[in-house]
Amino acid sequence: MLSKKIQAIRGMNDLLPEQSPLWQYFEGKVRDLMRRYGYAEIRTPIVEQTALFARSIGEVTDIVEKEMYTFEDRNGDSLTLRPEGTASCVRAAMEHGLLHNQTQRLWYQGPMFRHERPQKGRYRQFHQVGVETFGFEGPDVDAELILLTARLWQELGLMEHVTLELNSLGSLEARAAYRETLVAYFEEHHALLDEDSRRRLTSNPLRILDSKNPDMAAMLDAAPRLMDHLDAESRDHFAALTAILDDAGIDYVINPRLVRGLDYYSRSVFEWTTTALGSQGTVCAGGRYDGLVEQLGGKPTPAVGFAMGIERLILLLETLELMPAAARPSLDLYVLGMGEAASRAALLLGEELRGALPELRLQVHCGGGSFKSQIKKADKSGARLALLLGEDELAEGRVTLKFLREECDQQSLSREALVSALPELLAD
RNA sequence: GUGGAUGUAGCUCAGUGGUAGAGCCCCGGAUUGUGGCUCCGGUGGUCGUGGGUUCGAUCCCCAUCAUCCACCCCA
């Protein structure tokens with residue numbers, strides 16, 4: 001039926017009124033958390049030069065090779081809808097001198113775009129909250145980021161439903177060296193590799209370690225281990241990070257196979273996962289990317305960050321029914337008037353009350369209709385009280401207040417008494 | 001990019017080779033100015049789209065599109 005009509009692009013979803021309170025609840029928690037930790041929000045454009053992503057994420061990654069929304073601008077420039085937030089954030093920070101002899105703690109939130117097959121928890125337009133820090137070398141800030149996320153799970157009631165996985169990829173040099181060692185090892189056992197793995201040999205050989213193919217298990221177990229090829233500094237860095245987490249009482253699992261897909265990561269990487277969402281179980285992931293700023297033309301600048309997938313977290317909150325009822329918006333008062341004169345008066349009375357009681361959540365009935373239908377609308381609106389303005393009330397300068405949620409007689413009040421009476425009636 | 005499942009009313013879904021039904025929702029009435037419960041009535045569908053088979057297709061066949069789930073990849 002909709003086939004001839006225009007509909008939303010595949011994998012790009014409308015956020016409907018029924019859903020938005022949960023998003024607002026989540027976004028509110030995040031904003032509050034960032035404020036409390038002293039992180040500043042940064043907003044960057046959704047479109048960037050294609051080269052920014054190609055240079056940062058890595059030319060041969062799936063994201064850059066086949067998942068980007070890339071198009072030509074009218075002047076022939078190649079532009080891309082951002083597939084992730086870190087590159088833009090680094091670009092903006094550099095461009096405005098935010099990294100010049102100073103540290104930064106930044107966060108952002110917004111849509112990202114990847115042309116993948118949609119499935120549960122994975123969409124072509126999806127939303128991330130990202131956090132990036134610059135200028136901090138030590139493991140303390142790595143730990144701070146993890147503690148910050150842990151606190152968020154705590155406050156959202158998600159802590160028992162997520163697991164923290166940690167790994168270290170070593171310095172860029174150590175990682176590159178290990179990569180060569182690993183590729184050499186896989187070349188030796190080329191016959192044992194499955195089709196996917198042979199393809200990954202050039203794209204992301206570290207990822208082969210993560211293969212679920214049981215036929216390759218023995219060969220993978222015998223492969224050189226990343227942890228054995230870490231440079232001394234990275235090993236110390238990682239040890240210090242886990243020590244802080246131990247002291248803070250944060251549980252984690254060291255997963256030597258945890259490899260982030262983006263080329264720019266080095267040293268600490270981490271992932272929060274859940275088993276409650278089907279196959280897209282990663283809910284938050286990040287790591288250190290000490291080389292990226294320099295790679296994009298800046299001075300060498302240590303950096304760590306992470307991103308959360310908002311859709312996945314919303315899905316999790318939904319399936320676990322973790323949104324508090326109080327976070328759902330509701331009306332205090334529904335104002336209705338019977339007849340033309342009273343309807344007009346109701347609209348003006350509504351404005352008067354909004355002026356006198358700024359906290360009052362009030363809606364005035366529009367569209368006329370019988371008294372009965374208007375009261376039905378009042379009930380449907382979810383308001384606690386209905387204010388009835390009929391011809392009788394209008395003539396007498398009074399209003400009738402009707403309780404819609406509790407057993408309680410309706411009251412007749414003079415209009416003068418209304419402003420002081422309403423807060424009392426709505427208390428508790 | 002690959003594989004599987006599913007497309008019938010706004011929503012959730014029945015159904016049959018002879019051009020469609022329920023529940024919820026919505027609207028009206030029973031109650032000249034009083035909701036939630038009940039009862040009565042009503043609006044609403046070219047059965048995803050395009051072909052084919054057939055006297056006749058919502059049903060069978062093919063194609064196509066969309067959605068969902070999984071692989072891949074990732075948040």
Side-chain angles (χ1 to χ4, degrees), chain A residues 1-11 13 16 18 57 61-67 82-86 109-131 149 194-197 199-200 203-204 207 210-213 258-262 270-274 277-287 305-316 334 336-339 342 365 367 369-383 385-394 400-407 409-410:
Chain A
M1 178 194 60
L2 283 172
S3 67
K4 282 177 183 168
K5 295 181 179 167
I6 294 174
Q7 56 189 68
I9 306 299
R10 157 177 275 202
N13 300 309
L16 300 177
E18 198 188 354
I57 296 169
T61 56
D62 275 15
I63 292 180
V64 170
E65 277 185 337
K66 47 195 193 200
E67 294 177 1
R82 63 183 185 195
E84 58 104 38
T86 302
Q109 188 247 55
M112 308 293 165
F113 303 84
R114 292 183 200 168
H115 192 104
E116 302 178 89
R117 271 298 261 282
Q119 72 184 72
K120 186 179 181 130
R122 192 178 70 186
Y123 311 100
R124 289 187 173 179
Q125 175 177 330
F126 62 102
H127 297 76
Q128 289 186 332
V129 170
V131 176
T149 52
D194 59 21
E195 197 185 335
D196 271 345
S197 299
R199 185 175 48 75
R200 288 179 188 138
S203 62
N204 196 344
R207 195 96 214 169
D210 214 5
S211 171
K212 293 161 191 158
N213 188 343
L258 176 59
V259 176
R260 315 273 28 267
L262 287 54
F270 67 93
E271 228 171 73
W272 289 93
T273 60
T274 177
L277 288 186
S279 74
Q280 307 302 322
T282 301
V283 115
C284 172
F306 66 81
M308 299 185 276
I310 302 184
E311 280 82 356
R312 291 182 185 178
L313 286 161
I314 293 289
L315 225 42
L316 198 51
Y334 192 92
L336 58 93
M338 195 53 217
H365 178 85
S370 67
F371 216 91
K372 181 193 176 97
S373 67
Q374 291 198 33
I375 288 179
K376 268 189 180 172
K377 291 272 168 55
D379 183 43
K380 281 245 159 55
S381 77
L385 281 175
L387 188 156
L388 316 184
L389 197 56
E391 280 157 18
D392 299 348
E393 285 89 344
L394 196 59
T400 298
L401 283 176
K402 181 180 173 65
F403 293 84
L404 296 171
R405 311 285 151 219
E406 47 233 295
E407 288 300 324
D409 290 337
Q410 62 186 35

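Below, chain A is the first sequence line, B the second, and so on; all start at residue 1. Only this structure's heavy atoms are used, side chains among them; waters, hydrogens and symmetry mates stay out.
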Measuring only the [atom1] atom in each nucleotide, how far is [N] from [M]? A whole number of Å is fine.
N: B/rC47; M: B/rC60; atom1: P; result: 15 Å
N: B/rG10; M: B/rC69; atom1: P; result: 23 Å
N: B/rU19; M: B/rU38; atom1: P; result: 35 Å
N: B/rU58; M: B/rG50; atom1: P; result: 11 Å
N: B/rG48; M: B/rC39; atom1: C1'; result: 38 Å
N: B/rG18; M: B/rG56; atom1: C1'; result: 7 Å
N: B/rC61; M: B/rC71; atom1: P; result: 30 Å
N: B/rC13; M: B/rC74; atom1: C1'; result: 35 Å

Treating [X] as the side-chain partner and [Y] as the backbone partner, does any N or O pair qualify as donor plus acceptor under 3.5 Å?
X: A/R114; Y: A/I63; value: no
X: A/R312; Y: A/G121; value: yes
X: A/Q374; Y: A/G369; value: yes

Would you indicate what [X] reaches in the nucleic acid, counting non-hydrogen atoms under 4.0 angstrom: base, sugar-phosphate, or nothing?
X: A/Q410; value: base
X: A/K66; value: nothing
X: A/Y334; value: nothing
X: A/E406; value: nothing
X: A/K402; value: base
X: A/A285; value: sugar-phosphate
X: A/V129; value: nothing
X: A/G121; value: base
X: A/L388; value: base

(request) Please figure out whether A/K377 or A/R405 has its closest RNA chain B nucleotide nearer the 5' end. (result) A/K377
(request) Hey, which sits more toward the 5' end of RNA chain B by its nearest nucleotide, A/R124 or A/R199? (result) A/R199
What is the distance, to the nearest angstrom, from the [atom1] atom on [X] to the [atom2] atom on [N]?
X: A/Q125; N: B/rA75; atom1: CD; atom2: C1'; result: 14 Å
X: A/K380; N: B/rC24; atom1: NZ; atom2: P; result: 13 Å
X: A/H365; N: B/rG35; atom1: NE2; atom2: P; result: 15 Å
X: A/L16; N: B/rC11; atom1: CG; atom2: C1'; result: 12 Å
X: A/I63; N: B/rG1; atom1: CD1; atom2: P; result: 18 Å
X: A/R207; N: B/rC73; atom1: CZ; atom2: P; result: 6 Å
X: A/E407; N: B/rG35; atom1: CD; atom2: P; result: 14 Å
X: A/Q7; N: B/rU49; atom1: CD; atom2: P; result: 13 Å

Taking the minimum atom-to-atom distance to the side chain of [X], which one of [options] wins?
X: A/T282; options: B/rA75, B/rC69, B/rG35; value: B/rA75
X: A/Q128; options: B/rC72, B/rA75, B/rU34; value: B/rA75
X: A/K376; options: B/rC27, B/rG35, B/rC72; value: B/rG35
X: A/F371; options: B/rG35, B/rU34, B/rC74; value: B/rU34

Check whether any side-chain N or O of [X] sits under 4.0 Å from OP1 or OP2 of [N], and answer yes or no.
X: A/K372; N: B/rU34; answer: no
X: A/R117; N: B/rG3; answer: no
X: A/Q119; N: B/rC69; answer: no
X: A/S279; N: B/rC71; answer: yes
X: A/R10; N: B/rU67; answer: yes
X: A/R312; N: B/rC74; answer: no

What is the pairing partner of [N], taking Watson-Crick or G-U wobble pairs with both distances under 3.5 Å in any strand?
N: B/rU53; value: none
N: B/rC71; value: B/rG1
N: B/rC47; value: none
N: B/rU6; value: B/rA66
N: B/rU58; value: none

Give a yes or no on whether a donor-acceptor pair under 3.5 Å exists between the nucleobase atoms of [N], that is its base, and the side chain of [X].
X: A/E67; N: B/rG1; answer: no
X: A/R122; N: B/rC72; answer: yes
X: A/Q374; N: B/rU34; answer: no
X: A/E18; N: B/rC11; answer: no

(message) Between A/V129 and A/L313, does the side chain to side chain contact (heavy atoms under 4.5 Å, CB included) criterion hold? Intermediate values first, please.
(response) CA-CA 11 Å; A/V129 170; A/L313 286 161; over 6 Å; no
(request) Return yes if a side-chain donor-acceptor contact under 3.5 Å exists between A/Q410 and A/T400, otherwise no. (result) no
(request) Return yes when atom CD of A/E406 has more than 12 non-hydrogen atoms of other residues, nucleotides or ligands closer than 6.0 Å, and no otherwise. (result) yes
(message) Any carboxylate oxygen within less than 4.0 angstrom of a Lys/Arg side-chain nitrogen, looking at A/R405 and A/D379?
(response) yes
(message) I need the single residue from A/R124, A/Q125, A/Q128, A/H127 that forms a side-chain contact (heavy atoms from CB on, under 4.5 Å) with A/M112. Which is it?
(response) A/Q128
(request) Of all the heavy-atom pairs spanning A/P83 and A/I57, show the shortest one and how long it is. (result) CG-CD1, 3.7 Å
